[in-house]
Protein chains: 2
Amino acid sequence: MRVPKYYTYKLRLLSFIDGAAAGTMLPTERELAEEFGTSRTTVRQALAELVAEGRLDRVQGRGTFVAAPKLVHVRQLTSFSEDLGDRDTRSELIGLGDEPADAATAGHLGLEPGATVQRIERVRRVGDEPLAHETARLPGALAVTADELAVTGSLYRALRDRHGVSICGADDEVETALATPDEARLLGTEVGQPLLVVHRTAWDASGRTVEWTRSVFRGDRFRFQARVGSRPAGDRAPAAG
Amino acid sequence: MRVPKYYTYKLRLLSFIDGAAAGTMLPTERELAEEFGTSRTTVRQALAELVAEGRLDRVQGRGTFVAAPKLVHVRQLTSFSEDLGDRDTRSELIGLGDEPADAATAGHLGLEPGATVQRIERVRRVGDEPLAHETARLPGALAVTADELAVTGSLYRALRDRHGVSICGADDEVETALATPDEARLLGTEVGQPLLVVHRTAWDASGRTVEWTRSVFRGDRFRFQARVGSRPAGDRAPAAG
DNA sequence: GTCTAAGATTGGCATAGACCAATTTGGTTT
DNA sequence: AAACCAAATTGGTCTATGCCAATCTTAGAC
């Protein structure tokens with residue numbers, strides 16, 4: 001198999017990254033091009049893939065830096081606020097209101113197209129870093145208020161407290177996508193960067209769908225975790241990989 | 001937010017794709033560059049993203065074509081052979097043998113580094129199309145044979161039939177990655193294309209880890225599905241989105 | 001008809017450079 | 001010391017171009 005030239009430079013850069021602490025600055029693109037005896041374009045292609053993989057961060061005017069390791073997102077019928085444990089998580093409400101259901105929304109929620117649904121649009125953060133953009137849609141009868149969401153940041157708690165509805169199952173579909181300009185802006189990344197897109201359909205004890213949510217995560221920062229079955233205690237715990 | 005020029009061309013191409021049948025050929029890169037009044041490099045960037053998203057297929061010497069829609073991969077403690085239902089699935093064994101556990105493998109399987117583990121390396125296909133590359137690692141005591149795997153193509157069935165071990169839970173971690181030259185060759189895609197990488201740790205009723213598997217899927221062809229909780233019957237089923 | 005070889009077509013890879021935008025730096029002014 | 005401004009630095013985008021590799025087409029030989 002032919003190996004593109006840029007790929008060999010990527011491997012050389014990777015060995016440097018592996019031996020360096022997060023935050024270490026790399027030489028400039030122009031310096032690397034000279035050092036490798038190639039063009040800046042080719043160096044940029046290698047750098048671009050390492051950025052897409054979350055190994056490097058680039059800032060215009062500053063330079064290129066070794067990135068911190070990925071976070072793990074645990075998502076087992078928990079709300080986002082519970083996912084990341086004791087980390088400093090915040091949730092910014094950027095949209096809340098009623099709208100008529102389009103075909104896809106109606107299909108997933110089991111409603112007629114045009115029925116009223118509530119759209120809840122939020123940006124999730126860990127510390128200052130934006131990590132996810134979520135758009136949830138609920139049947140109009142299950143609408144919640146901004147205040148209820150603000151208390152704990154948990155949609156599931158708001159549903160339980162206001163409507164007595166408890167989520168008892170969910171279906172997540174995970175796929176890759178590339179950041180649109182809007183998504184790049186909200187997530188603090190660049191247009192065209194790989195994302196993880198999760199579509200969640202959640203239902204209550206009666207099987208009624210109570211939530212359909214599209215969540216977009218930065219692929220270079222996140223890992224999606226799904227667990228099936230509970231693990232008995234007393235086993236030898238797996239270590240980090 | 002500034003929108004790169006290539007992105008506007010991407011949107012124009014997307015509207016063409018949406019109105020065309022799978023297999024429809026697009027104009028050549030050189031023609032598009034002239035039509036848009038830009039350089040071939042810029043057109044290629046727009047095309048590259050559409051390929052990464054699974055909307056286009058490109059073949060050197062042939063042309064650029066509208067791609068077929070994504071497949072959905074159901075993966076809920078089922079084996080691959082059960083995942084895709086009645087589709088024509090095959091599994092090609094490309095590696096089987098014992099090896100000493102490296103640190104990561106030992107950690108995940110709960111063994112001492114250097115302990116013997118069995119490596120099972122397979123390429124999964126639907127029809128002729130390669131869709132996943134899986135490398136499973138089992139504790140040496142739970143090794144299976146090529147014959148046992150060949151019967152149904154199911155590792156879980158082989159484990160049950162030979163060792164009386166039933167999988168009762170698993171933990172999947174999903175992240176994005178970019179195809180290496182080796183992965184690109186095995187999956188029939190291009191170096192640098194986005195992939196979905198799934199690390200599965202599966203355990204039996206006693207909580208003992210019996211499998212640690214790394215699966216690599218083409219991000220442009222696959223969706224990963226995880227379901228938590230069983231859904232009562234009689235609800236209104238969600239339609240396709 | 002079938003096979004083969006040469007040429008044309010098309011995407012893949014790489015180069016060199018121009019200009020823009022964000023940031024930092026360092027000197028000047030207040 | 002603080003505020004400000006201009007220059008240098010660095011990554012971001014785009015152009016124009018050349019050659020390579022895979023594929024298809026066509027003409028010719030048998």
Side-chain angles (χ1 to χ4, degrees), chain A residues 1-13 17 23-52 55-67 178-181 184-185 188-193 220, chain B residues 1-13 17 23-52 55-67 178-181 184-185 188-193 220:
Chain A
M1 177 118 190
R2 76 186 188 292
V3 176
K5 187 191 279 191
Y6 82 84
Y7 196 84
T8 67
Y9 304 140
K10 179 181 172 181
L11 294 181
R12 288 174 64 174
L13 291 168
I17 292 168
T24 305
M25 183 171 176
L26 271 69
T28 70
E29 296 178 349
R30 291 168 176 86
E31 286 170 357
L32 287 172
E34 188 170 8
E35 178 182 334
F36 292 160
T38 185
S39 69
R40 196 179 146 215
T41 311
T42 303
V43 170
R44 276 182 63 80
Q45 189 168 4
L47 291 173
E49 290 200 358
L50 290 164
V51 170
R55 304 304 305 267
L56 293 178
D57 288 323
R58 280 196 288 185
V59 183
Q60 184 178 143
R62 280 170 46 89
T64 304
F65 307 88
V66 176
L178 302 182
T180 66
R185 176 174 51 81
T189 182
E190 304 300 321
V191 179
Q193 288 295 99
D220 60 345
Chain B
M1 178 119 188
R2 76 187 187 291
V3 174
K5 186 189 281 193
Y6 83 85
Y7 196 82
T8 67
Y9 303 141
K10 179 181 173 182
L11 293 181
R12 288 174 65 173
L13 292 168
I17 292 169
T24 305
M25 183 171 175
L26 271 69
T28 69
E29 296 179 349
R30 291 168 176 85
E31 286 169 358
L32 288 171
E34 187 170 9
E35 178 183 335
F36 292 159
T38 185
S39 69
R40 198 179 145 216
T41 311
T42 304
V43 169
R44 276 182 63 80
Q45 189 169 3
L47 292 172
E49 289 200 358
L50 290 164
V51 170
R55 304 304 304 267
L56 293 178
D57 288 323
R58 279 196 287 186
V59 183
Q60 183 177 145
R62 278 169 49 87
T64 304
F65 307 88
V66 175
L178 302 182
T180 66
R185 176 175 49 81
T189 183
E190 305 300 322
V191 179
Q193 287 296 98
D220 60 345

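In the text below, chain A, chain B and the rest are named by the order of the sequence lines, each starting its count at 1. Computation of the quantities below employed the complete heavy-atom set of this structure, encompassing side-chain atoms and omitting hydrogens, waters and symmetry-equivalent molecules.
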Discussion item. Which residues pass the ring-ring contact (aromatic ring centres under 6.0 Å, His included) test with F36(A), not counting sequence neighbours?
Written reply: Y9(A)
Fill in: Proximity to DNA chain C (any heavy atom under 4.0 Å), residues of residues 28-44 of chain B only
T28(B), E29(B), R30(B), R40(B), R44(B)
Fill in: Passing option when R55(B) is tested against V66(B), I17(B), L47(B), D220(B) for side chain to side chain contact (heavy atoms under 4.5 Å, CB included)
I17(B)
Response to the item:
Rounded to whole Å, the CD-C1' distance (Q45(A) to dT15(C)) equals 13 Å
Worksheet entry | Any residue meeting side-chain hydrogen bond (donor to acceptor under 3.5 Å, both in side chains) with T41(A), in chain and number order, not counting sequence neighbours | none
Worksheet item: What integer distance in Å separates Q193(B):CD from dC13(C):P?
Response: 10 Å
Worksheet entry | For atom CG of L13(B) and atom P of dG11(C), their distance in whole Å | 12 Å
Fill in: Separation of atom CG in L56(A) from atom P in dT10(D), rounded to whole Å
16 Å
Worksheet, complete the sentence: Hits for side-chain hydrogen bond (donor to acceptor under 3.5 Å, both in side chains) against Q193(B), two or more places apart or cross-chain, chain-then-number order -> none
For nucleotides 23-27 of chain C, tabulate all protein N/O to nucleotide N/O atom pairs closer than 3.5 Å, reporting atom names and distance.
unit_1  : atom_1 : unit_2 : atom_2 : d
dT24(C) : OP1    : R62(A) : NH1    : 2.7

Discussion item. Can you identify which nucleotide, out of dG12(C), dT15(D), dT15(C), has its nearest atom closest to the K5(B) side chain?
Written reply: dT15(D)
Worksheet item: Quick one: bend of the helix from dG1(C)-dC30(D) to dT30(C)-dA1(D) from 5 pairs per end, to 10°?
Response: 0°
Worksheet item: Roughly, in whole Å, what's the span from NZ in K10(B) to C1' in dT13(D)?
Response: 16 Å
Worksheet item: Given dT10(C), is OP1 or OP2 found less than 4.0 Å from the side-chain N or O atoms of R58(B)?
Response: no
Item to complete: Please state how far atom CD in E190(A) lies from atom P in dA21(C), giving the value in whole angstrom units.
Response: 15 Å
